[in-house]
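Every chain is numbered from 1, with letters handed out A, B, ... down the list of sequences.
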Number of protein chains: 2
Amino acid sequence: MADPQARLAQMLAKLKARSFRITPQRLAVLQILAASRAHPGVEDIYAEVKKTFPTTSLATIYKTVALLKEINEVLEIRFFDSSRFDGNKPYPHPHILCLHCGAVLDPELPGVEALVAEAAARSGFQIVDHRLNFFGLCSDCQKT
Amino acid sequence: MADPQARLAQMLAKLKARSFRITPQRLAVLQILAASRAHPGVEDIYAEVKKTFPTTSLATIYKTVALLKEINEVLEIRFFDSSRFDGNKPYPHPHILCLHCGAVLDPELPGVEALVAEAAARSGFQIVDHRLNFFGLCSDCQKT
DNA sequence: TATTAATAAATAATCATTATCTTTAAAAAT
DNA sequence: ATTTTTAAAGATAATGATTATTTATTAATA
Ligand SMILES: [Mn+2]
Ligand SMILES: [Mn+2]
Ligand SMILES: [Zn+2]
Ligand SMILES: [Zn+2]
């Protein structure tokens with residue numbers, strides 16, 4: 001499910017199924033979220049959408065990502081004082097943030113499932129969600 | 001390092017070593033953070049401190065926890081729209097939050113070290129920090 | 001005890017996010 | 001295609017956690 005086309009189609013299908021309207025601004029936001037692998041924040045999305053729709057309001061971006069969150073088509077990751085979004089993998093998965101350049105990646109961690117199971121077993125909790133965030137320096141930024 | 005007395009002594013030593021003053025308000029905040037296992041938020045600490053020092057300002061609580069963060073004597077855990085603090089284990093460790101009653105626990109997860117290592121190895125990052133948060137229902141809240 | 005610098009208290013400012021309100025336009029009905 | 005309905009866009013105000021600022025206290029040192 002990492003194909004931008006498929007992701008966009010999936011998002012559109014979900015919106016249509018719940019009879020939400022497909023507006024040009026929404027479509028633009030969906031396309032950005034489906035295509036970007038950079039985990040953009042609202043301001044990033046806003047800047048991008050404005051290229052094609054200059055009158056777009058920031059509130060529209062907020063409302064659209066909130067809607068996508070509600071229908072589980074985007075994952076919100078709260079970093080220090082703002083959020084970033086993943087429209088490619090809209091389910092809980094770990095992230096790693098470079099404290100120097102701000103890059104956010106999706107590391108492949110096969111150990112995650114076992115850790116979630118361990119957390120449930122040891123705590124007695126019924127776990128429904130998680131945010132596993134690592135912070136450090138990416139390989140590029142280590143060189144400087 | 002889970003003994004409140006030892007933790008308080010450690011915090012005081014660190015403050016004194018860096019010649020920060022030990023005021024009654026600060027001492028009160030330290031005691032609460034050293035003793036509480038509930039991962040209190042600023043408002044919780046504020047309410048508690050006001051019992052002994054009714055004129056205390058909320059800003060004082062914020063400034064004190066910020067100071068403790070700077071000297072690595074408290075860990076901040078950002079949940080949805082506010083932060084909670086751990087003065088017992090002021091180093092990165094996993095947390096589990098009950099979405100129903102708001103309880104925050106420290107699960108013992110031996111698998112964490114391996115996961116951090118895995119994240120570093122697979123991403124090429126030099127990892128310096130992490131926040132591993134699980135969300136769900138505690139055993140009590142599952143019964144209702 | 002007086003001096004000085006750090007801290008507390010009070011309160012204003014910040015800023016990401018959310019809410020409100022009016023205008024616009026998507027989609028359905030005619 | 002036109003009309004109708006109503007969700008959504010745009011503009012802007014409000015919110016609320018946190019931070020900054022300003023003044024008044026007070027701890028530390030001489
Ligand atoms: Mn991701
Ligand atoms: Mn903890
Ligand atoms: Zn980097
Ligand atoms: Zn609970």
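- For A:Pro92, the side-chain contact (heavy atoms from CB on, under 4.5 Å) partners two or more places apart in sequence, or in a different chain, are A:Asp129, A:His130, A:Arg131.
- Smallest separation of non-hydrogen atoms from B:Pro90 and B:Asn88: CD-O, 3.5 Å.
- Of the residues in residues 41-69 of chain A, those placing a heavy atom less than 4.0 Å from an atom of DNA chain D are A:Thr55, A:Thr56, A:Ser57, A:Ala59, A:Thr60, A:Lys63, in numerical order.
- Close approach of DNA chain D to chain A, defined as any atom under 4.0 Å from a non-hydrogen atom of the protein, starts and stops at D:dT6 to D:dT12.
- When all heavy atoms of B:Ala120 and B:Ile127 are compared, the closest pair comes out as N-CD1, 3.5 Å.
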Ignoring hydrogens and angles, write down the donor-acceptor pairs under 3.5 Å from the side chains of residues 133-141 of chain A, residues two or more places apart or on other chains.
none

Distances for protein N/O vs nucleotides 22-28 of chain C N/O pairs under 3.5 angstrom?
from: C:dA27; atom 1: OP1; to: A:Ile22; atom 2: N; distance (Å): 3.2

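- By the criterion of side-chain heavy atoms lying less than 4.5 angstrom apart, applied directly or through intervening Ile, Leu, Val, Met, Phe, Trp or Tyr residues, A:Val104 is not grouped with A:Tyr46; the two fall into different hydrophobic clusters.
- With sequence neighbours left out, A:Arg84 forms a side-chain hydrogen bond (donor to acceptor under 3.5 Å, both in side chains) with no residue at all.
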Would you give me the side-chain donor-acceptor pairs under 3.5 Å for residues 57-70 of chain B, sequence neighbours excluded?
from: B:Ser57; atom 1: OG; to: B:Ala59; atom 2: N; distance (Å): 3.2
from: B:Thr64; atom 1: OG1; to: B:Thr60; atom 2: O; distance (Å): 2.7
from: B:Lys69; atom 1: NZ; to: B:Glu76; atom 2: OE1; distance (Å): 2.6

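- In plain terms, the two heavy atoms of A:Ala28 and A:Phe53 that are nearest each other are CB-CE1, 4.1 Å.
- Partners of B:His95 under the ring pair (Phe, Tyr, Trp, His ring centres under 6.0 Å) rule, at least two apart in sequence or in another chain, are B:His39, B:His93.
- Put simply, the side chain of B:Ile77 reaches to within 4.5 Å of the side chain of B:Asp86, judged on heavy atoms.
- Of the residues in residues 77-87 of chain A, those with a non-hydrogen atom less than 4.0 angstrom from any atom of DNA chain C are A:Asp81, A:Ser82, A:Ser83.
- Between B:Glu73 and B:Lys14 there is a salt bridge, since at least one side-chain N of the basic residue sits less than 4.0 Å from a carboxylate O of the acidic one.
- Considering only heavy atoms from C-beta on, B:Val42 stays 4.5 Å or farther from B:Ser83 through its side chain.
- The rotation axes computed at either terminus of the helix from C:dT1-D:dA30 to C:dT30-D:dA1 lie 30° apart, taking five pairs at each end and rounding to 10 degrees.
- Every residue two or more places apart in sequence or in another chain that forms a side-chain contact (heavy atoms from CB on, under 4.5 Å) with B:Leu12 is listed here: B:Leu8, B:Ile22, B:Leu27, B:Leu30.
- Evaluation of the side-chain contact (heavy atoms from CB on, under 4.5 Å) rule for B:Pro54 yields no partner, not counting sequence neighbours.
- The two residues A:Gly87 and A:Arg7 make their nearest non-hydrogen contact at O-NE, 2.6 Å.
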